[in-house]
Amino acid sequence: MKIASTNVAPRVCRRAFTLVELLVATAVGCLLAGAVLFLLCQTATEQVYGFSDMTVEEKAYILQANITTCLRCMSATQGITPNYSTALYDTNGNFLGYQSIIVFYPSNGVYIAGNISYNSSTGEMVYTTNILTPLIQTVWMSNSANASLTKCWFSPSFNLDGSQNNSLVNVCLQMDDNGYSQQTPNNNPASVYRNFSVQMRNDN
């Protein structure tokens, strides 16, 4: 009579990771974690850039719309009267325009003088509806944490015969994100430059 075998299954040989394998696995894991962290940082940076660009574009659009709407409602006959003390020149001494102008709108047979002015120290663009009541103002733009109006000037146009046309106003403005995206001023995609002209139309 055969006796049943009492031998158990052979033991499986088990061993731990060697030091070399552990070091290789750690290095690969660190590389993967670093790549993921880099991608997350890049994504966050691009989001900041996108927000800065969107904010500056929106503020530039609103400011341009306010200036255009206001100038179109002013008298073409009277045109603009520059505030000559606010004349602006570039670094080479070339005349650019004026940072403050007087505009006129008809009211009951007379013309009311208003003022549009830019303050370079605060980035404020202010519209005063009547220069006789200077405290009544509308602030169209002022510097904030993510938008700064760095330049703005007005200048009259010229007719084909070379005469000055004060009813066709040239406007230039430049705006950036005020350092919000921490990009260099010379390479800032959030920097906006607008150059446009507005024809005054109101003489009722």
Side-chain angles (χ1 to χ4, degrees), residues 53 55-144 147-178 185 188 190-204:
D53 183 61
T55 301
V56 174
E57 284 285 351
E58 180 182 11
K59 289 184 176 293
Y61 172 80
I62 293 174
L63 179 58
Q64 180 176 346
N66 285 332
I67 294 174
T68 301
T69 301
C70 178
L71 290 177
R72 281 181 177 169
C73 295
M74 297 300 156
S75 168
T77 301
Q78 297 294 319
I80 64 169
T81 299
N83 183 343
Y84 295 101
S85 64
T86 64
L88 186 66
Y89 300 86
D90 64 14
T91 54
N92 296 321
N94 299 314
F95 173 73
L96 297 175
Y98 304 94
Q99 296 182 106
S100 177
I101 57 173
I102 303 296
V103 292
F104 304 87
Y105 60 92
S107 176
N108 298 323
V110 297
Y111 288 100
I112 306 298
N115 176 252
I116 302 175
S117 62
Y118 164 65
N119 187 332
S120 58
S121 62
T122 61
E124 282 191 341
M125 179 65 73
V126 178
Y127 171 52
T128 304
T129 56
N130 190 336
I131 60 176
L132 299 180
T133 55
L135 296 181
I136 302 177
Q137 299 178 336
T138 300
V139 179
W140 286 338
M141 171 72 191
S142 61
N143 290 347
S144 62
S148 172
L149 183 61
T150 57
K151 295 179 182 178
C152 186
W153 64 85
F154 306 85
S155 62
S157 298
F158 291 90
N159 298 315
L160 294 178
D161 60 1
S163 60
Q164 187 167 289
N165 184 352
N166 286 340
S167 67
L168 181 60
V169 187
N170 301 312
V171 185
C172 292
L173 62 88
Q174 187 169 348
M175 194 181 299
D176 61 33
D177 65 353
N178 204 15
N188 190 343
S191 180
V192 173
Y193 179 82
R194 297 283 175 87
N195 187 350
F196 57 97
S197 298
V198 184
Q199 176 65 57
M200 294 177 167
R201 298 176 179 176
N202 190 357
D203 275 307
N204 297 326

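For the numbers below, each heavy atom of this structure counts, side chains included, while hydrogens, waters and symmetry mates do not. Positions are given from 1, in the same order as the sequence printed here.
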Where [X] and [Y] come nearest, the two heavy atoms and their spacing:
X	Y	result
L96	S155	O-CB, 4.0 Å
I112	S107	CG1-CB, 3.8 Å
K59	S144	CE-OG, 4.1 Å
R201	A76	N-CB, 4.3 Å
A113	I102	CB-CG2, 4.0 Å
C70	W140	CB-CH2, 3.6 Å

Just distance, no hydrogens or angles: give the donor-acceptor pairs under 3.5 Å from side chains in residues 77-87, sequence neighbours left out.
residue : atom : partner : partner atom : Å
T77     : OG1  : D203    : OD1          : 3.1
T77     : OG1  : D203    : OD2          : 3.2
N83     : OD1  : S85     : N            : 3.3
N83     : OD1  : S85     : OG           : 2.7
T86     : OG1  : N83     : O            : 2.7
T86     : OG1  : Q99     : N            : 3.3
T86     : OG1  : S100    : N            : 3.2

Inset, instruction - Kindly check if the number of other-residue, nucleotide or ligand heavy atoms within 6.0 Å of CG (D161) is above 12? - result: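 Enclosed: over 12 neighbouring heavy atoms sit under 6.0 Å from CG of D161.
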
Legend entry - Flag if over 12 foreign heavy atoms under 6.0 Å of OH, Y193: yes

If you measure from [atom1] on [X] to [atom2] on [Y], what distance do you get to the nearest 0.5 Å?
X	Y	atom1	atom2	value
M200	S75	CE	OG	8.0 Å
D176	S148	CG	OG	5.0 Å
N119	T122	CG	OG1	3.5 Å
N202	Y111	CG	OH	8.5 Å
M125	M141	CE	CE	9.0 Å
I62	I67	CD1	CD1	12.5 Å

Legend entry - Minimum side-chain heavy-atom gap L149-L173 below 4.5 Å: yes

Inset, instruction - Output yes when a side-chain donor or acceptor of N159 lies under 3.5 Å from a complementary backbone atom of G162, and no otherwise. - result: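 Pair absent, no side-chain N/O of N159 close to backbone of G162.
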
Inset, instruction - Verify, without hydrogens or angle tests, whether N130 (side chain) and L132 (backbone) share a donor-acceptor contact under 3.5 angstrom. - result: yes

Inset, instruction - Could you pull out all residues at least two apart from E57 that satisfy salt bridge (charged side-chain N to carboxylate O under 4.0 Å, His left out)? - result: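 If we apply the salt bridge (charged side-chain N to carboxylate O under 4.0 Å, His left out) test to E57, skipping adjacent residues, the hits are R194.
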
Inset, instruction - For W153, enumerate each residue passing the ring-ring contact (aromatic ring centres under 6.0 Å, His included) test, keeping only those at least two apart in sequence or located in another chain. - result: none

Legend entry - I116 and F154: CA distance, side-chain angles, deciding distance, side-chain contact (heavy atoms from CB on, under 4.5 Å) verdict: CA-CA 9 Å; I116 302 175; F154 306 85; 3.6 Å; yes

Legend entry - Among V169, L71, N170, T68, the one residue meeting side chain to side chain contact (heavy atoms under 4.5 Å, CB included) with S197: N170

